[in-house]
S.K.: 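This is the structure I have questions about; it appears just below.
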2 protein chains.
Amino acid sequence: MKDRTTISELPQKAGEDVLLCGWVRQRRSSGAKLRFLQIRDGTGLVQVVVKKGNVEDDALEAAGHVPLESSVVIRGTVREDERQVGGVEITATSFHVLHAAVGEYPLGKKDHGTGFLMDNRHLWLRSSRPHAAMRLRAEIISACRDHLDDLGFVGVDAPIFNSAAAEGTATLFPVEYFGDKVYLSQTGQLHMEAAAQALGKVYCFGPTFRAEKSKTRRHLTEFWMLEPEMAFADLDEDMDVMESMIGHVVQRVLENCKTELETLGRDISKLETCVPPFPRISYDDALEELKGTDAEIPWGEDFGAPQEDAVSAKYDRPILVHRFPTKIKAFYMQRDPARPEVVLGCDMIAPEGYGEIIGGGERCPDIDYLLEQIEHEGLPQEAYEWYLDLRRYGACPSAGFGMGLERVVAWLGDLKHVREAAPFARTMARTYP
Amino acid sequence: MKDRTTISELPQKAGEDVLLCGWVRQRRSSGAKLRFLQIRDGTGLVQVVVKKGNVEDDALEAAGHVPLESSVVIRGTVREDERQVGGVEITATSFHVLHAAVGEYPLGKKDHGTGFLMDNRHLWLRSSRPHAAMRLRAEIISACRDHLDDLGFVGVDAPIFNSAAAEGTATLFPVEYFGDKVYLSQTGQLHMEAAAQALGKVYCFGPTFRAEKSKTRRHLTEFWMLEPEMAFADLDEDMDVMESMIGHVVQRVLENCKTELETLGRDISKLETCVPPFPRISYDDALEELKGTDAEIPWGEDFGAPQEDAVSAKYDRPILVHRFPTKIKAFYMQRDPARPEVVLGCDMIAPEGYGEIIGGGERCPDIDYLLEQIEHEGLPQEAYEWYLDLRRYGACPSAGFGMGLERVVAWLGDLKHVREAAPFARTMARTYP
């Protein structure tokens, strides 16, 4: 039905006759002659008034009994009405049920449990919160890509099938590959280093996989990661790009997702302060601040959620924590020449307890150190020969980072669990629907 | 090195002193006092002149012996020179080798075999053809996304981990999933139908996986697919979107990828004719045209490369072939009410023998027919319960399509094998580098 009008277009069509296709979200009757339907079509909600005399009698009858979530086709006139969402309603001149829903809509009631809602994610997506979260996610993706494209980055997709681990062997997913065994990508970073040596500044943005057994609100087994990489960049420039990109994303979301943020109950004032520059704090200084608190840890230990939350609590915007201990970071990270016990890496921690959203830093250009590290971690050197080639031919300073998309969506949308930030979240116990 | 200038910026900096970071691509000496270096930095190529007296003596010495693909840092003055690529060259005032390449660059010679080049894809990407192909690919991705975003589509990522097949069980990749077995996504389409019922018009764009044993120049085991889906759309509207999107992509590529197309030796005149509308031909009419040719097939058989090539050969733009036989198409496709033996589906075939680049059509809203089909194909019904729910609650006309990214890149870039269209192609025999 090509001549259909979307609900989002209605405010510009006051007084016109339109064809509307959508689903019945709510329905009530007022006496025998009047039916009020709330229709959704994916772009918005609108009230449709079906009145005796305006439509055929059987249409009035149908409008009084149509099951929720049935698909319907309506013709009618757009009328301005300030009391309505979007400022308009439709006076129907015809009402036709295309497919009547079979029985009661499973999500018609309130207060369903999370397990039930996740089992019905394919239907739950139609509800206002998931709907808003998905639009927010799409805007964040576009904002990231646009910003990097404007900075001259080239999108280069990393492969998913890999012959070896990049982030430790504990969280690998093995795949049966024509009688062989390969692994799903945990990160595109190593391939992005190769691409950066070819194209200068690059990024990949796609799904990555970690067999995380931890059942926290911050972990999925399948999540999207944005991974920019820049040849000839150092940690400072890396932090500049993280900062400007997140600053841009927040701005775009504030501009284009007002309705969505409102639906999600997001306190917008807490996003409006997220303007660069973001505070930059060393791991050492962060540990100083944690002294005497419940989150205190000895030097050398990695941050967990308690440390991230405690360190970020006093700031009104994301912070950058840099120079973590070498021994807790990935094998390819560059050590600080002035202090080899720390790496030239950094994490961005979101405010309001949303935790780490970005990790990155400089890569080590020294092949001998990498060989040592590969042996030390028990990784198969032959699978990394190509990566080592990047140090044999064209070694250069290189820096980049990985942004966990779902964590950024959760933060900006004030979603309490990252499973709400993915269209169809995958966890240890869930690959359905 | 934040104050570095990229080679692409040099034409705007004539007369200025700049800092350049890059790699040595070619090197020659003219007597004892003059060295010419061709430098690449991912954004372009530039000639650097290192002359005795302008630089320290050891820098002159280094410039005469630096191995190819070493990373270097150069300061110098930008001078206009119409004979040079980009219209400029650099007169060096300093020349510093950051990391000298170890020995001879493996790809320094000409005429390497494809196997060798693919084994060294991490280095091969630096060569002019792969470099151009990757920039072309990035532009195509952006053009697709921009066009769909402009039409009001919402990006919704489909999950990779799935509990069942969507395109037949023969090409599934099984994954060990915490002691269980799940499958890598062959298509995001079923999930896009759920998303379209929530958001109206949606698309996913990500990797999909098929354990294709066929070793043709059109098949990869891992490839990116763009899958738009529209609630309340029919086959005609579906074809309109395919057509307008591909028209937009061709236009964008012609505007923004002139250099890349030239590098790839692409005959641009054959793209300039690819302007909508595209011819729309029924399967029946196509078979008529094939009669008496080598590509003749009996009614009911699917197209292979010979049929695609023969039918498309006489057109100067992509064509749309619609209404294929029901029995050779996926279980969820909608039959033509007037002729149930054909489906309301369509393939877009690229010109110049590049074959099918898009497949799509209307989905069947009828749950009884789908149940029959699931049983007939031997698929596990419980894994499809959520998909069947889309017919129980909110069934509606829905149409969409899948565009194979690598095939479009191959076509527009005139690449003879899709492995050249992916940054790190995966085939039956290759998951490295």
Side-chain angles (χ1 to χ4, degrees), chain A residues 1-2 4 21 23 41-43 69 71 98-99 101-102 105 122-123 125-126 131 134-135 138 141-142 154-157 159-163 173-176 178 182 191 194-195 197-200 206-207 222 224 231-232 237 365 386 389-390 392-396 423-424 426 428 431-433, chain B residues 1-2 4 21 23 41-43 69 71 98-99 101-102 105 122-123 125-126 131 134-135 138 141-142 149 154-157 159-163 173-176 178 182 191 194-195 197-200 206-207 222 224 232 237 365 386 389-390 392-396 423-424 426 428 431-433:
Chain A
M1 278 160 265
K2 278 192 211 181
R4 69 190 184 277
C21 298
W23 299 271
D41 74 346
T43 74
E69 287 300 319
S71 62
L98 212 51
H99 288 273
V102 177
Y105 185 54
H122 52 296
L123 304 177
L125 283 176
R126 305 173 187 180
H131 184 273
M134 290 308 102
R135 285 188 167 268
I141 292 172
S142 288
V154 181
V156 179
D157 300 308
I160 304 297
F161 289 134
N162 275 286
S163 35
F173 280 115
V175 182
E176 294 170 35
F178 304 106
V182 302
H191 289 91
Q197 289 189 3
L199 292 144
E222 174 185 329
W224 277 59
F232 299 105
E237 188 175 346
W386 70 268
D389 270 355
L390 306 181
R392 295 184 183 108
Y393 312 103
C396 66
F424 298 92
R426 269 51 181 134
M428 197 175 155
T431 57
Y432 178 100
Chain B
M1 279 160 263
K2 278 192 209 179
R4 69 190 184 279
C21 297
W23 297 272
D41 74 346
T43 73
E69 286 300 320
S71 62
L98 213 51
H99 289 272
V102 177
Y105 184 55
H122 53 295
L123 304 177
L125 283 176
R126 304 173 188 180
H131 184 273
M134 291 307 103
R135 285 190 168 268
I141 293 172
S142 288
D149 290 349
V154 181
V156 178
D157 300 307
I160 305 297
F161 288 134
N162 276 284
S163 34
F173 280 115
V175 182
E176 295 169 34
F178 304 106
V182 302
H191 289 92
Q197 289 189 3
L199 292 143
E222 173 185 328
W224 277 60
F232 299 106
E237 187 175 346
W386 70 267
D389 270 355
L390 306 180
R392 296 183 183 109
Y393 313 103
C396 64
F424 298 93
R426 268 54 182 130
M428 197 175 155
T431 57
Y432 177 100

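Proteins get letters first, then strands, A, B, ... in listed order; numbering begins at 1 in each. Small disclaimer: the values here were computed from a predicted structure and weren't measured.
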S.K.: Please flag which part of B/L123 lies under 4.5 Å from any non-hydrogen atom of chain A: side chain, backbone, both or neither.
M.R.: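 Side chain only.
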S.K.: Of the backbone (N, CA, C, O) and the side chain (C-beta and beyond), which part of B/V175 lies under 4.5 Å from a heavy atom of chain A, both, or neither?
M.R.: both
S.K.: For the pair A/R426 (side chain) and B/P159 (backbone), establish whether a donor and an acceptor sit closer than 3.5 Å, ignoring hydrogens and angles.
M.R.: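 No, A/R426 side chain to B/P159 backbone: no donor-acceptor pair under 3.5 Å.
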S.K.: Sort out for me which of B/L199, B/V102, B/L390 touches chain A most, counting heavy-atom pairs under 4.5 Å.
M.R.: B/L199
S.K.: Could you pull out the closest heavy-atom pair between A/A138 and B/V154, with the gap in Å?
M.R.: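 Minimum heavy-atom contact is CB-CG1, 3.8 Å.
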S.K.: For the candidates A/R392, A/E69, A/Q197, A/H99, which exhibits the highest count of non-hydrogen atom pairs separated by less than 4.5 Å from chain B?
M.R.: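 Among A/R392, A/E69, A/Q197, A/H99, the one with the most close pairs to chain B is A/Q197.
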S.K.: Looking at residues at least two apart in the chain, or sitting in another chain, which of them share a side-chain hydrogen bond (donor to acceptor under 3.5 Å, both in side chains) with B/E222?
M.R.: none
S.K.: Any idea which of A/A195, A/S142, A/P174, A/P423 has the most non-hydrogen atom pairs under 4.5 angstrom with chain B?
M.R.: A/P174
S.K.: I need the minimum non-hydrogen distance between A/R4 and B/F232, along with the two atoms involved.
M.R.: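 In terms of heavy atoms, the two residues are closest at NH1-O, 3.3 Å.
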S.K.: If we define contacts as heavy-atom pairs under 4.5 Å, which of B/G200, B/C396, B/A198, B/G206 has the most with chain A?
M.R.: B/A198
S.K.: B/D389, B/V182, B/D41, B/N162: which one forms the most heavy-atom pairs within less than 4.5 Å of chain A?
M.R.: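 Heavy-atom pair counts peak at B/D389.
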S.K.: If the condition is ring-ring contact (aromatic ring centres under 6.0 Å, His included), which residues does B/F161 pass it with, not counting sequence neighbours?
M.R.: A/F173, A/F209, B/Y177
S.K.: Relative to the ring of A/Y393, is the ring of B/Y105 parallel (under 30°), tilted (30 to 60°) or perpendicular (over 60°)?
M.R.: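 Answer is perpendicular, since the angle exceeds 60°.
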S.K.: Please look at B/I160 and chain A and tell me whether the side chain, the backbone, both or neither of the residue comes under 4.5 angstrom of a heavy atom of that chain.
M.R.: both
S.K.: Given heavy-atom pairs under 4.5 angstrom as the criterion, report whether the side chain, backbone, both or neither of A/L98 touches chain B.
M.R.: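 Answer is side chain: those atoms of A/L98 sit under 4.5 Å from chain B.
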S.K.: Is the side chain of B/S71 donor-acceptor paired with the backbone N or O of A/A395 at a distance under 3.5 Å, no angle test?
M.R.: yes
S.K.: Specify the closest pair of heavy atoms between A/W23 and B/G394, including all atoms of both residues, with the distance to one decimal.
M.R.: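 Heavy-atom minimum between the residues: NE1-O, 2.9 Å.
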S.K.: Against chain A, work out which of B/H131, B/H191, B/M134, B/R135 has the most heavy-atom pairs shorter than 4.5 Å and name it.
M.R.: B/H191
S.K.: Sort B/D157 into side chain, backbone, both or neither according to what part of it lies under 4.5 angstrom from a heavy atom of chain A.
M.R.: both
